[in-house]
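Order of listing sets the numbers, starting from 1, for every ligand and every atom in it. Positions are given from 1, in the same order as the sequence printed here.
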Amino acid sequence: MKQAVREHKVLLTITLLCSILTSAAGVLIALILQKVIDAALQGDKQLFREILLLSVVYLLLLGLFGLIYSLCSKALIRNVTITLRGRVFRGVFRQKAETFSATNTADYLSALTNDIKLLEDNYIQPMLQVLQNVVVFAVSLGILLYLSPLVTVILIGCMVLMFAIPSLFGKALQHKQSEVSSQMSAFTASLKDLLSGYEVITSYAMGRYAEQTFKQQNHRAAGVRFAADRLFAFNESVSHTLAILTQFAVVFIAAYLIITGNLSAGSLVALVQLSGGFVGPVLAIMENLPKIQGIKPVQERIDLFSEEKHEPDAEGLTPVFHSTLEARHLQFSYKQGNPVIQDISLSLEKGKKYALVGPSGCGKSTLVKLLTGYYDRFDGSIALDGTDLKRLDREKLQQMVSTIHQNVYMFDSDIRHNICLHEEFSEQMLDTALHTSGIHKFLQNTPDGLLSPVGENGLQLSGGQRQRIAVARALIRNKPILVLDEGTSAIDMQTAYEIESRLLKLNELTLITITHNMNEDLLGLYDQIIYMENGKIAEMGSLEELLKHGGRFRGFYTLEKDLAGATG
Ligand code: ADP
C-alpha cells in the first residue's frame with residue numbers, strides 16, 4: 001500500500017506542497033479581516049485601499065493553488081488506485097496454484113473493488129485532510145498567540161477535552177471496519193455463488209431459498225455497515241458539540257477583553273475566525289484519525305494479495321524434459337487430513353502414454369497435480385530429468401503442462417481466440433490443432449466458423465465442444481505434457497475415441513489420462529496403465545499384462561465394464 005503511494009512521488013509532492021500553501025493561506029484571512037475592520041473603525045482610507053489590493057492578489061493566488069491542489073489530489077487518488085489494483089491483480093496471478101485455489105475468488109473480487117474503495121475513502125483522502133488540517137492548526141496557533149495568549153490558552157484547554165473523549169472510539173471503530181470488510185466479502189461470495197448457480201436454482205425451484213439467502217446476507221451486510229456508521233455518528237456528534245462549546249468560550253472571553261479595553265474589535269473578529277480555524281482542524285483530524293486507524297485490517301488484506309508479498313522461487317531453474325518425470329516415496333495430505341498419497345514411487349518417460357485408473361477418490365487427480373508442480377508441500381521427492389521440482393521456475397513448469405478438466409474455462413469471445421489466447425500461430429498450426437482435436441467437425445455446422453462467439457464461459461457450446469477447444473488450446477502450444485482429467489468425458493464415445501487415439505499417436509507428447517472409460521481398444525493403446533487404490537499404486541503395466549495377471553485391476557475393469565454395459 002505504502003509502496004503504491006511512493007510510486008507517485010512527484011504528484012504526491014506537488015499535492016502536498018499545494019495543500020500546505022492553500023491551507024496556510026486560508027488562515028491568513030483572519031489577519032486581513034482584523035486589519036480591514038480596524039482600518040474601517042479608524043476611518044483610515046489609505047490603509048483600506050492597500051488591504052483591498054492585497055486581498056485581490058491573495059484571492060487570486062488562493063484560487064490558483066486551490067485548483068492545482070484539487071486536480072493533483074484527484075489525479076493522485078486515481079493513480080494510486082490504478083497501481084493498487086494492478087499490484088493486487090498481479091499478486092493474485094503470481095500465487096502458487098495451491099494458494100490461489102485455497103482462497104474464494106469472491107475475496108479477490110472484494111479486495112479489488114470494495115477494499116480499494118474503502119482505502120480511498122478511509123485512508124488516502126483522510127490522510128490528505130489530516131495534513132491540511134495540521135497546517136491550518138499550526139498557522140492558526142501562531143496568529144492566535146500573537147493576537148491573544150489568554151484566548152489561546154483557553155482554546156488549548158478545550159481542545160484537550162475534545163481529544164480525550166472521542167479517542168475512546170478509535171479501537172471500536174477499527175473493529176467495526178474489519179467486520180464491514182469481512183461481511184462485504186461474505187456478501188460478494190454468497191452473491192457469486194447464487195449467480196453461478198442460476199441453472200440449478202431455476203431448474204430445482206430453489207428461487208425462494210435463493211431469495212431467502214440473499215435477503216439474509218443483504219441485511220447482514222447492511223446491518224454491519226450501519227453499526228459502524230452509528231459509531232461514526234456518535235464520534236462526530238460528540239466532537240461537534242465540543243467544538244461549538246469552544247467557540248462560545250472564545251467569543252465571551254474576547255468580548256470581555258474588549259469591555260476591559262484590552263482588545264480591538266478587529267481582533268475579536270479575527271479571534272472568532274481563527275478559533276473556527278483552530279478547532280475545525282482538530283475536529284477534522286479527530287474524525288479522520290480513527291478512519292485511518294480503522295482501515296488497518298483492510299490495508300493488511302490488500303498487502304496480503306499484493307505482488308510484493310509473493311517471493312520468487314528459490315532457484316528458478318528452467319525446466320527441461322528430455323527423459324523422465326520421477327517420484328520417489330511420495331507422501332501427501334491436504335491440510336488437516338489423512339494422507340491422500342501414500343509412499344508412491346513412479347517413473348514416467350517422455351513420449352509415453354499413461355492411463356491413470358482407480359475408484360473415485362483414490363487420489364488420481366492429486367497424484368497428477370503433485371507430479372505437475374501444483375502442490376509443493378509433500379514428503380518424498382519429484383524430479384524432472386533429475387532436477388527437483390522445487391528448484392524449478394514455477395511459471396515455466398506450469399507452461400510445460402496442459403491439463404484438461406471436465407469444466408473447461410472459456411473466455412467470452414470467439415472460438416479462435418479461445419484456442420489462440422492472444423498468441424499468434426500460423427494457419428497450418430491452427431489447422432493441425434483443429435483436426436487433431438476434432439473441432440473441424442463441428443465448425444462445419446457453425447455459420448461463422450472460427451469466429452463464432454462462445455458466450456459467457458462457453459455457454460453457447462456443448463460440454464464436448466468446450467473440451468475439444470481445450471484440447472486444441474494445448475496442442476497448438478506443443479506442450480510436452482498433456483493431462484486429460486476425465487478430459488474427454490463430455491464428448492460422445494466416438495469423438496472421444498477419435499481425439500484420444502490421435503493424441504496417443506503424437507510421439508513427442510507425454511500423455512497422462514485419468515479415466516473411467518474402460519474401453520479395451522483405447523486402454524490397449526496406452527503404454528502403461530497405473531491402477532490406484534487408497535492413495536497407493538496397486539498395479540502398473542500394459543492392459544494385456546494387467547488382464548493376464550488377473551489382479552485387482554482386472555476386478556475393477558470387469559466391474560466398470562459391466563456397470564457401463566448396464567447403464568449404457
Ligand atoms: P480421484 O481423482 O481419484 O477421484 P482426488 O485426488 O480428487 O481423487 O481426491 C483424493 C482425496 O482427496 C479425496 O478423498 C478427496 O476428497 C480429497 N481431496 C481432493 N481435493 C481436495 C482438496 N482440495 N482439499 C481437501 N481434500 C481434497
Subject >> Heavy atom of protein closer than 4.0 angstrom to atom 15 (C) of ligand 1 >> reply: no

Original post:
Quick check: does Tyr334 get an N/O under 3.5 Å from an N/O on ligand 1?
Top reply: yes

Original post:
Of Lys369, Lys536, Met532, which is the lone residue that meets side chain to side chain contact (heavy atoms under 4.5 Å, CB included) with Ile341?
Top reply: Met532

Original post:
Which ligand 1 atoms does Thr366 reach within 4.0 Å, using its non-hydrogen atoms?
Top reply: 5 (P), 6 (O), 9 (O), 10 (C)

Subject >> Enumerated ligand 1 atoms positioned under 4.0 Å from heavy atoms of Lys364 >> reply: 1 (P), 2 (O), 3 (O), 4 (O), 6 (O), 8 (O)

Subject >> Test log, rule side-chain hydrogen bond (donor to acceptor under 3.5 Å, both in side chains), inputs Thr103 and Asp107 >> reply: CA-CA 7 Å; Thr103 308; Asp107 277 348; 5.9 Å; no

Original post:
Are the aromatic ring centres of Tyr375 and Tyr334 under 6.0 angstrom apart?
Top reply: yes

Subject >> Among Leu356, Asn338, Val340, closest by any non-hydrogen atom to atom 11 (C) of ligand 1 >> reply: Val340

Original post:
Strictly under 4.0 Å, does any heavy atom of Gly358 approach an atom of ligand 1?
Top reply: no

**OP:** Within a distance under 4.0 Å of any heavy atom of Gly361, pick out the atoms of ligand 1 and give their elements.
**Re:** 1 (P), 3 (O), 4 (O), 8 (O), 10 (C), 11 (C), 13 (C)

Original post:
Which protein non-hydrogen atom lies closest to atom 7 (O) of ligand 1, naming both residue and atom, and how far is it?
Top reply: Ser365 CB, 3.7 Å

Subject >> Contacts of type side-chain contact (heavy atoms from CB on, under 4.5 Å), residue Gln216, not counting sequence neighbours >> reply: Arg220

**OP:** Please identify which atoms of ligand 1 are closer than 4.0 Å to at least one heavy atom of Ser360.
**Re:** 4 (O)

Subject >> Modelled atom types, side-chain donor and acceptor of Tyr526 and Thr513, under 3.5 Å >> reply: yes

Return all side-chain donor-acceptor pairs below 3.5 angstrom for residues 294-301, not counting sequence neighbours, or 'none' if the list is empty.
residue : atom : partner : partner atom : Å
Arg301  : NE   : Asp115  : OD2          : 2.7
Arg301  : NH2  : Asp115  : OD2          : 2.9

**OP:** Answer yes or no: is there a donor N or O on one side and an acceptor on the other, between the side chain of Arg416 and the main chain of Leu450, under 3.5 Å?
**Re:** no

**OP:** Return yes when at least one protein heavy atom is under 4.0 Å from atom 2 (O) of ligand 1, and no when none is.
**Re:** yes

